[in-house]
> 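Would you mind keeping the following structure in view while I ask a few things?
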2 protein chains.
Amino acid sequence: MVKRVRGSQTGRPIMRLLDLLGRRWTLRIVWELREEPKRFRDLQDLIGASPTIVNTRLAELREAKLVELDEAVGYRLTALGKELLLLFLPLHTWSEKWAKALG
Amino acid sequence: MVKRVRGSQTGRPIMRLLDLLGRRWTLRIVWELREEPKRFRDLQDLIGASPTIVNTRLAELREAKLVELDEAVGYRLTALGKELLLLFLPLHTWSEKWAKALG
DNA sequence: ACCGTTGCTACGTAATTTGTAGCACAAACG
DNA sequence: CGTTTGTGCTACAAATTACGTAGCAACGGT
């Protein structure tokens, strides 16, 4: 099973990041971990994705050092992951404004 | 051809937004439009995706009122799209720190 | 008429995601 | 001990999505 690189392949950090985050469920998983650690099945139920893809995305996020597994409590954001989340928090407020604009 | 809703279906704005942005190439397209309008084929070449999917994503982004087509200059961000981009700009700086942390 | 550019579509193939079932392991229960 | 429960995770076929190439129709310029 060859591991393929998808996305831009430019190697620029922003492109690597956009490629990572621009995969189905990735943003959502980070979002669901924003407050407290979650178990594998909790995440699965929350987002409604198959265990296969949840596991795949978690593996990618762990490799990216944004998420880690603490066996005592479950999956949680790393320090880096929390930093990233902080950048995304304004999205919450903005999304409501956006939804109104959509009518 | 029935249009299916994917993602959380909770209808919460943040979930709609994360679902939209968490699709392949969506974030990337917004990013490529950050400075100036781009033509369909320019976008295609820049991100290296098939015209089929570029068109699909552009249609979604247009429906979400984040991107619009000005026939004189090409695709560009709407006012809403620019607001969203502003929220994402810090990602650029952060991504470089992140890349270093990955080693 | 001809050419280049525009946005976009058709279509067969490849890759990804889904849904369901289930594994191995550990701790708790009876 | 035997069973149950919870844990992370995997197998596998089916469904969905993306890819890659070719090409269309409309328009403007030459």
> Any idea which heavy atoms bring B:V67 and B:L33 closest together, and the distance?
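Minimum heavy-atom contact is CG2-CD1, 3.8 Å.
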> Which residues pass the side chain to side chain contact (heavy atoms under 4.5 Å, CB included) test with B:D42, not counting sequence neighbours?
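Here the qualifying residues are B:K38, B:R39.
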> Can you sort out the partners of A:W94 under side-chain hydrogen bond (donor to acceptor under 3.5 Å, both in side chains), two or more places apart, ordered by chain and number?
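Residues passing side-chain hydrogen bond (donor to acceptor under 3.5 Å, both in side chains) with A:W94: B:E83.
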> Rounded to the nearest Å, what distance is computed from the CG atom of residue B:L58 to the C1' atom of nucleotide C:dG7?
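Nearest whole value for this atom pair: 10 Å.
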> Sorted by first residue and then second, give each ring-ring contact (aromatic ring centres under 6.0 Å, His included) pair with at least one member in residues 28-55 of chain B; sequence neighbours left out.
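Sorted result for residues 28-55 of chain B: B:W31-B:H92.
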> Sequence neighbours excluded, which residues qualify as side-chain hydrogen bond (donor to acceptor under 3.5 Å, both in side chains) partners of B:E68?
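Result, side-chain hydrogen bond (donor to acceptor under 3.5 Å, both in side chains) vs B:E68: B:R76.
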> Taking atom P of D:dA26 as reference, at what distance in whole Å does atom CD of B:E71 sit?
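Rounded to the whole Å, the gap is 14 Å.
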> To the nearest Å, give me how far apart CZ (B:R28) and P (D:dC19) are.
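The distance from CZ of B:R28 to P of D:dC19 comes to 12 Å, rounded to the nearest Å.
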> Any protein N or O atoms within reach of nucleotides 9-13 of chain C? Criterion: under 3.5 Å, listing atom names and distances.
{"residue": "C:dT9", "atom": "OP2", "partner": "B:N55", "partner atom": "ND2", "Å": "2.3"}
{"residue": "C:dA10", "atom": "N6", "partner": "B:T52", "partner atom": "OG1", "Å": "3.4"}

> To the nearest Å, how far apart are B:D45 CG and D:dC19 P?
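My rounded result for the distance is 14 Å.
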> Under the ring-ring contact (aromatic ring centres under 6.0 Å, His included) definition, can you give me all pairs with a residue in residues 53-74 of chain B, not counting sequence neighbours?
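The answer is none; no pair qualifies.
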> Would you kindly give the CZ-to-P distance between A:R57 and D:dT10, to the nearest whole Å?
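Result: 15 Å.
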> Can you tell whether the side chains of A:K100 and A:E96 come within less than 4.0 Å, N to carboxylate O?
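Salt bridge absent between A:K100 and A:E96.
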> May I have the distance from A:I53 (atom CD1) to D:dA18 (atom C1'), rounded to whole angstrom?
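It works out to 14 Å between those atoms.
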> Heavy atoms under 4.0 Å, any strand shown: does B:R41 hit a base, just sugar-phosphate, or nothing?
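Result for B:R41 = base.
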> In whole angstroms, how far is the P atom of D:dT17 from the CZ atom of A:R23?
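Rounded to the whole Å, the gap is 18 Å.
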> So, is A:W25 near the phosphate of C:dT16, with a side-chain N or O under 4.0 Å from OP1 or OP2?
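A:W25 to C:dT16 OP1/OP2: no side-chain N or O under 4.0 Å.
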> Nearest of C:dT18, C:dG7, D:dA18 to any side-chain atom of B:R39?
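When the side chain of B:R39 is considered, C:dG7 is the closest of C:dT18, C:dG7, D:dA18.
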> If you pin A:Q44 and B:G74 to their nearest nucleotides in DNA chain C, which one's is more 5'?
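By nearest-heavy-atom nucleotide position, the 5'-most residue is B:G74.
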> To the side chain of B:A49, which of C:dT17, C:dG7, D:dC19 is closest?
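Among the listed nucleotides, the one closest to the side chain of B:A49 is D:dC19.
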> Tell me: CZ of B:R24 to C1' of C:dT17, nearest whole Å?
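In whole Å, C:dT17 C1' and B:R24 CZ are 12 Å from each other.
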